[in-house]
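Below is one structure; the comments refer to it alone.
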Amino acid sequence: MSPTLLRYPTLSHWGAYTALVRDGKLIGCEPFAHDPAPSPMIHAMPAMVHSPLRVAKPAVRAGWLRNRGAPERRGSDTYVEVEWDHALKLVHEELARVRAEHGAAAIFGGSYGWASAGRLHNAMTQTHRFLYAGGGCTDQVGNYSWGAAQFLLPHVIGTYTPLTGKVTDWNSVASHTDLVLAFGGMPLRNAQVIAGGAGEHTTQYWLGRLAERGARIAIVSPTRGDMPTGVKADWIPIRPNTDAALMIAMAYELLESNRHDAHFLDTYCTGFDRYAAYLRGDTDGQPKSAEWAQAICGIPAAVIRELAFAASACRTLVNCTWSLQRAHRGEQPYWASIALAAMLGQIGQPGGGFAFGLGSINSAGNPRVDAAVPELPSGRNPARRSIPVARIADMLLHPGESYRFNGTERVYPHIRLIYWAGGNPFHHHQDLNRLQQAWTRPETIIVHETWWTPTARRADIVLPSTTTLERNDIGASSRDRYVFAMHRALPAQGASRSDFDIYRDLAALGGYEQAYTEGRSERQWLEHLYEGMRARWRASGTLPEAPDFDDFWAQGYLALPHPHRDFVLFEDFRRDPAGHPLATPSGRIELYSERIEGFGYADCPPHAAWLAPSEWLGADTAGRWPLHLITSQPASRLHSQLDPAPLSAAGKIRGREPVLIHPADAHPRGIAEGDIVRVHNARGACLAGAIVEESVMPGVVVMSTGAWFDPADAALERHGNPNVLTADVGTSQLTQGSSALSALVEVERWAGALPDVRAFDVPVAAATEE
Ligand SMILES: Nc1nc2c(c(=O)[nH]1)N[C@H]1C(S)=C(S)[C@@H](COP(=O)(O)OP(=O)(O)OC[C@H]3O[C@@H](n4cnc5c(=O)[nH]c(N)nc54)[C@H](O)[C@@H]3O)O[C@H]1N2
Ligand SMILES: Nc1nc2c(c(=O)[nH]1)N[C@H]1C(S)=C(S)[C@@H](COP(=O)(O)OP(=O)(O)OC[C@H]3O[C@@H](n4cnc5c(=O)[nH]c(N)nc54)[C@H](O)[C@@H]3O)O[C@H]1N2
Ligand SMILES: [Mo]
């Protein structure tokens, strides 16, 4: 008789599912019954959980054991497996030594990354709790997702909550919007995931509802791949990084034809007169006409005018994907989109105004009642130091140097030790060859990882973490209707342990276990977090009574009621601007910001403007590097997560990440479909497999992020990780975000022998303790 099939409810960033376990092995994943469009990514889990790439035991880099002053071998060294006691002692002593010799700020514990779903076992939050309780660390602020917008929007609209998904909701859009101006498109590919996990994938459904009503969807993007599948939409190809020019020209055409809403601008905005002066060219002699923009963004002037006029004649939503601001001068398209929406005068009306991120992620615009989710506090950082998240290599390379950020002047700390759990900087950061250089600066690097990722194999001490399936947790996202009990389905694989257990033992060695755990076990924490949520639901007076913990746990999930009414961004402000002012200095939408003017940044003027990015198709260097590289989110994985699984592997060409290239660019270079090519610029080069298609504009090439970084040397990355090509420069001094999407490259056919991909080799030398 075959062993019993056991079923455990759980949650991942790519959806909720039931883990099917037989004989101690995960044999399948069954999508959550209430999910209308589950992501195929859940089926990658068995291969990942039982992967030979799991970090089996604590491991220490051989060179670090021999000589701690030889960091240059990080990335090419082998590892020695050690017992937990030994590894924990090494970690504890290093933390204590660095704190004593250099102070808490010499430890970098930002630990950015998506880690896994689950509110308790959130690796980044646990890392912060642990490091804060032990004396603090240098932390980070912002994120790679919408870091530029996060620090711009408060100046313009007084809040950045629309970036967290709280935009005019899909039901309002599906019921009222006649025209969606979708800058950056609405690729369903990206709607597979939600930070914290999704009970239901709804973007496809809402797009269907919108299309049924006959709404027009205009997709402004360099690739047709950003069109939503299954609904009719127009594709308006645009040169990358020029959306601000297009929006500014649309604004100009509205102004010149007197189609702008002067009453809205007078009542709800400040600074329109100064923005209008810029539009007309009073300040620089250049009227920002459709003809002016045509030369920049490559869209015919007639199309620009038609779009502007169409937008003013019906209920229009101006939506920008997050990608628009992940680019050099990425503040400008966001500010320009708000200004455009303000001139259309529909902000605060159902289905009108502006939105961000519809189509970037499953959560944005999800109709959901306001309800607390279980939340693990990270505590207070006694070191009170932080950097903007994407400035990590600058910090490591330039200790003691000053930089500007959002109106402040700051100094980079001197980092001696990096501590990371739940992120993969050798996936997420730009200009990875530069990061490799920066990575040689600290004395010690400690990483908790589940798999031998590129970051794990660049650490000195690697501690093996369990997967979500090996621990109990509660999963929820602030923009999903469900709260999930995540049942442990498997024993810890190998010698792995949860980040929580690892930190508890380390805190005990440091004498602060109580501060870290607050005296709670895993189970007690889950109950505590759940009860905290339950109390807040009760206090709301509007939410249903949540079941007690045991019932919830047995039931497996909890669903929130559907909202009674649509959420419309700034509805209150529109109804009563004096009673519900925005949190800007003027209480209004700032089309001109005196506060930003006061900062005096040449790279971020006080109103939306067209500023040429450092790299784009109109740049001086475009002769040498004639193609704009777009690095988008991958369809078959989450960032670098799941890359070793069959689903991701199936999308590769001879084991390399594909690059999309237009026939007009491929043919003169002798590149045919399926060829291996070298994508390169002055920062680096990687191999990729060519897909020759008219779905990208001529002059643009597209690669997905997330192929595990696999450098042969600084001159060639073998696997197709495009971050060897991207530029590591801040968006501006105001926001210091990631400029990942501003990179020029050249592509050539690879004629040499094809080197093996080594990213999935395990770097453990011998299973012996040294
Ligand atoms: N060129 C370019 N670069 C980009 C982007 C782009 O558009 N273009 N996008 C950027 C964006 S928006 C983002 S958000 C980042 C994403 O960057 P990351 O969030 O760093 O990417 P992930 O691959 O999700 O890395 C998470 C890591 O956590 C590990 N992990 C998972 N669960 C656990 C756990 O429980 N414990 C521990 N210790 N580890 C765990 C996983 O194995 C994985 O290695 O990438 C950014 N990089
Ligand atoms: N499957 C999957 N989905 C994901 C993720 C994942 O890893 N896998 N990651 C999630 C995360 S962390 C985030 S932050 C979001 C990111 O969400 P986004 O930032 O919206 O996603 P991207 O794929 O980077 O970009 C969306 C599209 O913008 C277009 N684009 C790029 N540059 C420009 C430009 O200058 N102008 C215009 N008009 N269009 C441009 C590209 O063609 C691209 O396909 O995605 C989330 N969704
Ligand atoms: Mo992100």
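Whatever order the structure lists them in is the order used to number ligands and atoms, beginning at 1. A quick note: this is a predicted structure, and the numbers were derived from the prediction, not measured.
- Annotation for ligand 2: atoms under 4.0 Å from non-hydrogen atoms of Asn241 are 34 (C), 35 (O).
- Contacts between Thr631 and ligand 1, counted as non-hydrogen atom pairs separated by less than 4.0 Å, involve both the backbone and the side chain.
- Ring pair His639/Trp114 is perpendicular by interplanar angle, where above 60° counts as perpendicular and below 30° as parallel.
- Donor-acceptor pairing under 3.5 Å is recorded for the side chains of Asp499 and His448.
- Below 4.0 Å from some heavy atom of Asp243 lie the following atoms of ligand 2, by number and element: 34 (C), 35 (O), 36 (N), 37 (C), 38 (N).
- Close contacts between ligand 2 and Ser221 involve ligand atoms 38 (N), 42 (O) [criterion: under 4.0 Å to a heavy atom].
- Of the N and O atoms on the side chains of Ser363 and Asn366, not one donor lies less than 3.5 Å from an acceptor on the other residue.
- Distances shorter than 4.0 angstrom occur between a heavy atom of Tyr112 and an atom of ligand 1.
- Using a 4.0 Å cut-off between heavy atoms, Gln192 contacts ligand 2 through its side chain alone, with no backbone atom that close.
- Taking any N or O of Ser632, backbone or side chain, none lies under 3.5 Å from an N or O belonging to ligand 2.
- Residue contacts with ligand 1: Glu470 is excluded, as none of its non-hydrogen atoms falls under 4.0 Å.
- Between the side chains of Thr467 and Glu470, at least one donor N or O sits under 3.5 Å from an acceptor N or O.
- In Leu638, the parts holding a heavy atom less than 4.0 Å from any atom of ligand 2 are both the side chain and the backbone.
- Close approach of ligand 2 to Leu324 (heavy-atom distance below 4.0 Å) involves ligand atoms 36 (N), 37 (C), 38 (N), 39 (N).
- Between Tyr112 and His428, a ring centre-to-centre spacing shorter than 6.0 Å is recorded.
- At a heavy-atom cutoff of 4.0 Å, ligand 1 is contacted by both the backbone and the side chain of Asn424.
- Given atom 41 (C) of ligand 1, the protein heavy atom at minimum distance is Glu449 OE2, 3.4 Å.
- Residue contacts with ligand 2 for Trp114 involve side-chain atoms from C-beta outward but no N, CA, C or O (heavy atoms, distance under 4.0 Å).
- You'll find the side chain of Thr10 reaches within 4.5 Å of the side chain of Tyr17, heavy atoms only.
- Proximity of His429 to ligand 1 is not established, as no heavy-atom distance is less than 4.0 Å.
- Residue contact check: Tyr144 has heavy atoms under 4.0 Å from atoms 10 (C), 11 (C), 12 (S), 13 (C), 46 (C) of ligand 1.
- Residue Trp322 does not touch ligand 1, judged by heavy-atom distances below 4.0 Å.
- Other residues, nucleotides and ligands contribute more than 12 heavy atoms inside 6.0 Å of the CZ atom of Phe760.
- Distances below 4.0 Å separate heavy atoms of Arg637 from the following atoms of ligand 2: 1 (N), 2 (C), 6 (C), 7 (O), 8 (N).
- At a 4.0 Å heavy-atom cut-off, ligand 1 does not touch His13 at all.
- Here is the list of ligand 2 atoms found below 4.0 Å of a heavy atom in Ile238: 38 (N).
- Using modelled atom types and a 3.5 Å distance limit, the side chains of Gln430 and Arg683 yield no donor-acceptor pair.
- Comparing Pro634, Ser640, Ser12, Gly422 by heavy-atom distance to atom 28 (O) of ligand 1, the nearest is Gly422.
- Side-chain contact of Ser648 with Arg637: a donor-acceptor pair under 3.5 Å is present, judged by distance alone.
- In this structure, Pro722 falls outside the shell of residues with a heavy atom less than 4.0 angstrom from ligand 1.
- Of the candidates Thr726, Ile502, Thr705, Thr705 brings a heavy atom nearest to atom 2 (C) of ligand 1.
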